[in-house]
Amino acid sequence: MSTGTQAEKVEDVNGPEPDLKRVMGPKLLLLFIVGDILGAGVYAVTGDVALEVGGMAWLPFLVAFAVATLTAFSYLEMVTRFPQAAGAALYAHKAFGVHFVTFLVAFTVVCSGITSASTSSSLLAANLLAGLDATVGGMPTSTSATVVVALGFMVVLALINLRGVGESVKFNVVLTLIEITALAIVIGIGFWAMATKGADAGQLVVFESATDRGMFAATTVATAIAFFAMVGFEDSVNMVEETRDPERIFPRVMLTGLGICVVIYMLVAVSVVMVLPLGDIQSFDGETGILIEVVRTGAPDLPVDEVFPFLTVFAVANTALINMLMASRLIYGMATQDVLPRSLGRVLPGRRTPWTAIIFTTALAMGLIIYVTVDEGTSIVEALSGTTGLLLLCVFTIVNISCLVVRRRSDVTPRFRAPTGVPILGAITSAFLVGPWARDPEDWIQYRIAAVLLVIGIALWAITWFTNRGVRAKKTGFRDVDHLGG
């Protein structure tokens, strides 16, 4: 396979494309980053983190923040070296120049978007049914009902995507404010409980695990779980071509956004421990999430518990839409560059949206939801959120290594340079959290899901390679990886 050879340049029949309009300043970029990170993660994993480490539920979020920040430094160095919106695939290509490796990185990012959207869809379905049951009563909240609603929501996302909804910054601002409002309610209830109900702050340093693990092992597992809540900052590099003076403002804004999110997450974890007894946390098995339980328990006389589930719906819906937009556009970009079948690059007349890529990514997401549901004893949210974290940890490992390789090859000094040991630590910590020791045996389904998704991608690459070589007599490789998003 001639993946290491530069493929032929794409023909530009319409002349040079105009540059993207640079409309984002530091404030809008900060809101974009905070909104993208907050998303569905904290609603999906806080209960599982508390199950692992008890009162110290804040600690895994802090460790996950440290790991994410190490990788963020590498992203910042790379984005100031290469201010194009192709992200991790571009960085891997600049480091190694092997088209098949670039493809694997790009497809892994696609898979992470699909698993993240599937997680968000399942969480949205559970919270929506719980909210409707609390307000009108009689709503089914079983697993089968949740799956039906989740699949229906994926269809709705596909229809919105087909209509041509982009990543509107103003819309993101509105949903970010809704997300922060919902989490502020949880935090406010937690501190109100501390002030009025005599909650024992000493619980915050009590390690108590539902398993027989020691503190280090339990924190490692909890950190791998919590990592799903810290992802999203890497999406901001896709906005680099629409940001004013990105080399100057990106480092400060990205690190500030990460800091804001980890403070919010730690306060949410503290609120969970302050409102719910540790015994209740260890035995909690609610399908709608532990944060709704915090609202119900901490403020039983207020109607906020009827509103809160609907606030979470807005938060996770935005995450799912952005992820599916990203995944479908990357599939379209790879199809138009002849590294995936050309049929996946077809565009809907009039709307000019990549309809075959949208159908393909939606079908994969729906298949994942059904597949995990059929696997008895497996939580949809736990399996798919964990797979998202697993895939992105692999990508982060490669980004850190790419940073080191490019640094040795390039004589150009970027506007931002990570301290020498940071990419090394980032690669080691990310790779460490990929291992089976960072997951319960029942969660090893995450490896199976990731492997199946990547095998699908490799099979499609192979089909394209044989078609290109046998029918078109051409090489298979990226024509213009700088514009992978199509």
Side-chain angles (χ1 to χ4, degrees), residues 1 3-4 64 66-116 224 227-228 230-238 240 254 326-327 330-331 333-334 339 386-410 414 416-418 420-436 438 446-447 449-451 453-455 457-458 461 477-478 481-482 484-485:
M1 186 181 300
T3 54
V67 175
T69 301
L70 291 172
T71 300
F73 272 85
S74 294
Y75 266 99
L76 289 172
E77 179 170 332
M78 297 298 278
V79 80
T80 54
R81 283 184 185 274
F82 312 111
Q84 289 85 35
L90 172 63
Y91 310 151
H93 195 77
K94 295 293 185 182
F96 308 111
V98 180
H99 289 266
F100 184 66
V101 172
T102 305
F103 166 77
L104 283 178
V105 173
F107 199 81
T108 301
V109 173
V110 168
C111 294
S112 71
I114 291 172
T115 54
S116 178
F227 197 80
F228 176 68
M230 291 307 305
V231 299
F233 70 89
E234 73 283 354
D235 289 337
S236 64
V237 300
N238 295 321
V240 64
M254 182 185 285
M326 177 274 292
L330 269 178
I331 290 292
M334 287 188 281
V339 294
T387 305
T388 304
L390 172 66
L391 290 166
L392 285 176
L393 283 165
C394 292
V395 172
F396 288 178
T397 302
I398 293 173
V399 168
N400 282 298
I401 295 172
S402 298
C403 182
L404 293 169
V405 173
V406 168
R407 183 181 291 180
R408 293 182 60 185
R409 292 180 176 178
S410 175
F416 178 90
R417 183 181 173 92
T420 302
V422 167
I424 298 174
L425 286 174
I428 292 172
T429 53
S430 296
F432 176 77
L433 291 175
V434 169
Q446 297 167 12
Y447 296 106
I449 294 171
L453 289 172
L454 291 177
V455 166
I458 293 171
W461 168 281
F478 290 90
V481 72
D482 288 1
L484 183 56

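As the structure is a prediction and not an experimental result, all values here were calculated from the model.
Checking Ile449, Thr115, Val231 one by one against Leu391, the side chain to side chain contact (heavy atoms under 4.5 Å, CB included) holds for a single residue, Thr115.
With rounding to the nearest 0.5 angstrom, the CZ atom of Phe96 is 7.0 Å from the CD1 atom of Ile398. The distance from the OG atom of Ser112 to the CZ atom of Phe107 is 11.0 Å, given to the nearest 0.5 Å. With rounding to the nearest 0.5 angstrom, the CZ atom of Phe228 is 12.5 Å from the CG atom of Leu393. Rounding to the nearest 0.5 angstrom, the gap separating the OG1 atom in Thr429 from the CZ atom in Phe396 is 10.5 Å.
Among all heavy-atom pairs drawn from Gln446 and Leu390, the shortest one is O-CD2, 3.7 Å. For Ile401 against Ala427, the heavy-atom pair with the smallest separation is CG1-CB, 4.1 Å. Counting all heavy atoms, side chain and backbone alike, Ala92 lies closest to Val105 at CB-CG2, 3.9 Å. The two residues Cys111 and Leu453 come nearest to each other via the heavy atoms SG-CB, 3.5 Å. Contact record, Thr71 with Ser430: OG1-OG, 3.6 Å, taken as the closest heavy-atom pair. Considering every non-hydrogen atom in both Val399 and Ala88, the closest pair reads CG2-CB, 3.7 Å.
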Discussion item. Is there a side chain to side chain contact (heavy atoms under 4.5 Å, CB included) between Val110 and Met334? Walk through the geometry before answering.
Written reply: CA-CA 11 Å; Val110 168; Met334 287 188 281; 4.0 Å; yes
Worksheet item: Glu77 and Val406: side chain to side chain contact (heavy atoms under 4.5 Å, CB included), yes or no, with the steps?
Response: CA-CA 10 Å; Glu77 179 170 332; Val406 168; over 6 Å; no
Practice prompt. Show your reasoning for whether side chain to side chain contact (heavy atoms under 4.5 Å, CB included) applies to Met254 and Leu76.
Written response: CA-CA 8 Å; Met254 182 185 285; Leu76 289 172; 3.8 Å; yes
Worksheet item: What's the verdict on ring pair (Phe, Tyr, Trp, His ring centres under 6.0 Å) for Phe73 and Phe416, showing C-alpha distance, side-chain angles and the deciding distance?
Response: CA-CA 9 Å; Phe73 272 85; Phe416 178 90; 5.6 Å; yes
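Using a 30° and 60° split on the angle between ring planes, Phe100 and Trp461 fall in the perpendicular class, above 60°.
Contact annotation: the side chain of Met78 never approaches that of Arg407 to less than 4.5 Å [non-hydrogen atoms, C-beta and beyond]. Counting heavy atoms from C-beta outward, Val79 and Tyr91 have side chains that approach closer than 4.5 Å. The shortest distance between side-chain heavy atoms of Ile458 and Leu104 falls below 4.5 Å.
Counting only distance, with no hydrogens or angles, the side chain of Ser74 and the backbone of Asn400 share no donor-acceptor pair below 3.5 Å. Counting only distance, with no hydrogens or angles, the side chain of Tyr447 and the backbone of Gly435 share a donor-acceptor pair below 3.5 Å. Not a single donor-acceptor pair under 3.5 Å links the side chain of Ser116 to the backbone N or O of Gly113.
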